[in-house]
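Below: the structure, in structure tokens.
Worth saying up front: this structure is predicted, and the values here are computed from it rather than measured.
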Amino acid sequence: MGTSASKQFHNEVLKAHNEYRQNHGVPPLKLCKKLNRDAQQTLHGHGMEEHKEDGSREGIRK
């Protein structure tokens, strides 16, 4: 999945999630690049493969 496809995927997931939050009267979330980067580094620190949007190798230990 290319960079623009990945960005589109993240935006679509965020939009769907925020619609759900709106139904429950809570404020929307927005993407945080630093938080995403820190989470990815934590996965690597625990020996986990990089997250792939297509589901391949997601959460598989090295």
query = Among all residues two or more places apart in sequence or in another chain, which pass the side chain to side chain donor-acceptor pair (under 3.5 Å) test with Q41?
reply = none
request  = Go through the structure and list residues passing side chain to side chain donor-acceptor pair (under 3.5 Å) with K34, not counting sequence neighbours.
outcome  = D38
task = Show which residues join L14 in its hydrophobic cluster (side-chain heavy-atom contacts under 4.5 Å, direct or indirect), or state none.
result = L29, L31
inquiry  = E19: which residues meet the side chain to side chain contact (heavy atoms under 4.5 Å, CB included) condition with it, sequence neighbours left out?
reply    = K15
ask   = Does any non-hydrogen side-chain atom of P27 lie less than 4.5 Å from one of R21?
value = yes
